[in-house]
Amino acid sequence: MTTLLPVSALVPTRNRAEPFARTLNSLAQQSAQPMEMIVVDGSQDDKTEQLCQQSVSGLETEIRYYRATALGAATQRNQAFAHVSQEFIWLMDDDILLEPECLTRLWNALQSDPLMGGVNAMITNQRYLPPGRISRTLFQYLHGQAESTYAGKCIGPALNLLPEDDPDLPEIVPVEWLNTTCTLYRRVALPNPLFPSNFVGYSLMEDVTLSLTVGKQWKLANARTARIFHDSQPGDHKNSHYVLAKMELLNRYFVMTQVLERQTLKDHLKLAVLQLFELVALLQTFKGWRSLPSVLIGKAEGLLQLWQSGQLKTVAESVK
């Protein structure tokens, strides 16, 4: 028998009816399901709308469908959040496959502590890997100290690292940030709107911004035995190296200076080192070499935008 939990699931989607159908089928096999799912769709056809109107065997969740008023992961989630009716909010992507008892384990983890603000699932095909010698040296510099593991941390200039999938760890592992791939929050812990207006399009770092904001007053954790497979899909929003490079710099700078409030010259130097490390990493593959010109232009335009906005001038003046 299916248990309906007081949960509103929020799903932004665009032109992904087939993977979304697989997500719904995996949800239908869960012993616990959300009371409602709010789908905000930016598709160019009506396939997703038709899918939401169809009956899915075993799915007890009420699906509420809305056309997106503007495109973008953060923007569409903000639109969905305006329609929620439940006290727990499940942020989920449209291309995930839930393993058995995933939502039950997320729910139990969130209920394990009244101060727990949010918990996320373990993504079985996107895991933390212990850093090599060079990366470990970089992490130690950015973080300011050595750690036995950097899993689940957000270090230095907002470098966010995935949680660790180690069977020796407890089922509920404290972390410093959460993704939006499959994460359950208390509604009372969330800001309204969920995301600031500067997160547009692919919305890189919007998940870090939200979870770090919640984490200032609430505990965050990874529910290690709540597991999903992320069947990540290609899309136009992922194809432009220029757009992603510029967005990554601007959004990481926002998180570093506005959310984490790391605004010193030393913090900016750490950000510069991280950006240089990312550029050098591109040189390890032919594909990276091909993308390098677009990435360099994106980074340069991001720097120019930060300078023109006056955000870098204060730091530059402090050096004089």
Side-chain angles (χ1 to χ4, degrees), residues 7-28 34 36-56 59 61-84 89-98 102 120-121 123 125-126 178-185 190 192-211 228-248 250-251 291 294 298:
V7 172
S8 296
L10 311 187
V11 183
T13 188
R14 183 171 188 260
N15 299 331
R16 290 183 176 179
E18 290 186 9
F20 185 39
R22 294 193 290 270
T23 297
L24 291 178
N25 285 326
S26 73
L27 177 58
E36 65 180 7
M37 174 181 285
I38 301 171
V39 177
V40 175
D41 179 29
S43 298
Q44 296 166 307
D45 55 38
D46 63 353
K47 292 182 180 178
T48 300
E49 183 176 9
Q50 292 178 8
L51 174 64
C52 292
Q53 294 171 350
Q54 295 172 1
S55 175
V56 178
L59 186 62
T61 301
E62 176 191 2
I63 298 180
R64 297 164 59 191
Y65 176 90
Y66 298 89
R67 293 293 300 181
T69 56
L71 298 180
T75 303
Q76 288 175 236
R77 285 191 173 101
N78 280 344
Q79 182 182 342
F81 189 58
H83 297 285
V84 300
I89 307 301
W90 189 12
L91 303 182
M92 57 187 297
D93 283 358
D94 59 359
D95 55 2
I96 61 174
L97 301 177
L98 307 166
C102 179
N120 69 350
I123 305 176
N125 59 324
Q126 296 175 356
L178 302 170
N179 54 39
T180 50
T181 311
C182 182
T183 299
L184 186 64
Y185 281 105
L190 293 169
N192 187 13
L194 295 175
F195 306 102
S197 59
N198 56 300
F199 288 98
V200 297
Y202 189 40
S203 308
L204 282 172
M205 304 289 292
E206 96 282 10
D207 50 359
V208 182
T209 297
L210 176 62
S211 56
I228 65 168
F229 178 86
H230 191 192
D231 187 21
S232 186
Q233 302 293 307
D236 294 340
H237 58 284
K238 299 180 182 179
N239 293 337
S240 174
H241 298 293
Y242 156 76
V243 170
L244 292 179
K246 180 179 179 181
M247 183 185 298
E248 186 272 339
L250 292 175
N251 291 359
S291 67
S294 297

Task: Pairwise side-chain contact, F195 with T209, heavy-atom cut-off 4.5 Å (strictly under) - done: no
Task: Note, E36 side chain near H83 side chain (heavy atom, < 4.5 Å) - done: no
TODO: Output the distance between atom CD (Q54) and atom CD1 (I63), rounded to the nearest 0.5 Å.
DONE: 9.5 Å
Open item on the list: Tell me which one of D41, D94, T48 satisfies side-chain hydrogen bond (donor to acceptor under 3.5 Å, both in side chains) with T13.
Closed with: D94
- [ ] First locate atom CZ of R14, then atom CG of D45, and finally report the distance between them rounded to the nearest 0.5 Å.
- [x] 10.0 Å
Task: Residue pair N179 / I123, side-chain heavy-atom distance below 4.5 Å - done: yes
Open item on the list: Rounded at 0.5 Å granularity, tell me how far CD in Q126 sits from CZ in F229.
Closed with: 8.5 Å
Open item on the list: Check this for me: does any side-chain nitrogen of one of D93 and R77 sit under 4.0 Å from a carboxylate oxygen of the other?
Closed with: yes
TODO: Mind checking the CG-CG spacing from L10 to N78? Nearest 0.5 Å is all I need.
DONE: 10.0 Å
Task: Euclidean distance, W90 CH2 relative to T180 OG1, rounded to 0.5 Å - done: 13.5 Å
- [ ] Look at the side chain of T61 and the backbone N and O of P34, then say whether any donor-acceptor pair between them is shorter than 3.5 Å.
- [x] yes
Open item on the list: Within the 4.5 Å heavy-atom criterion, are V11 and T23 side-chain neighbours or not?
Closed with: no
TODO: Answer whether the closest heavy-atom distance between the side chains of M37 and L24 falls below 4.5 Å.
DONE: yes
Task: Rounded distance [0.5 Å steps], CG in N120 versus CG in D207 - done: 9.5 Å
Task: Q50, CD: over 12 other non-hydrogen atoms inside 6.0 angstrom - done: yes
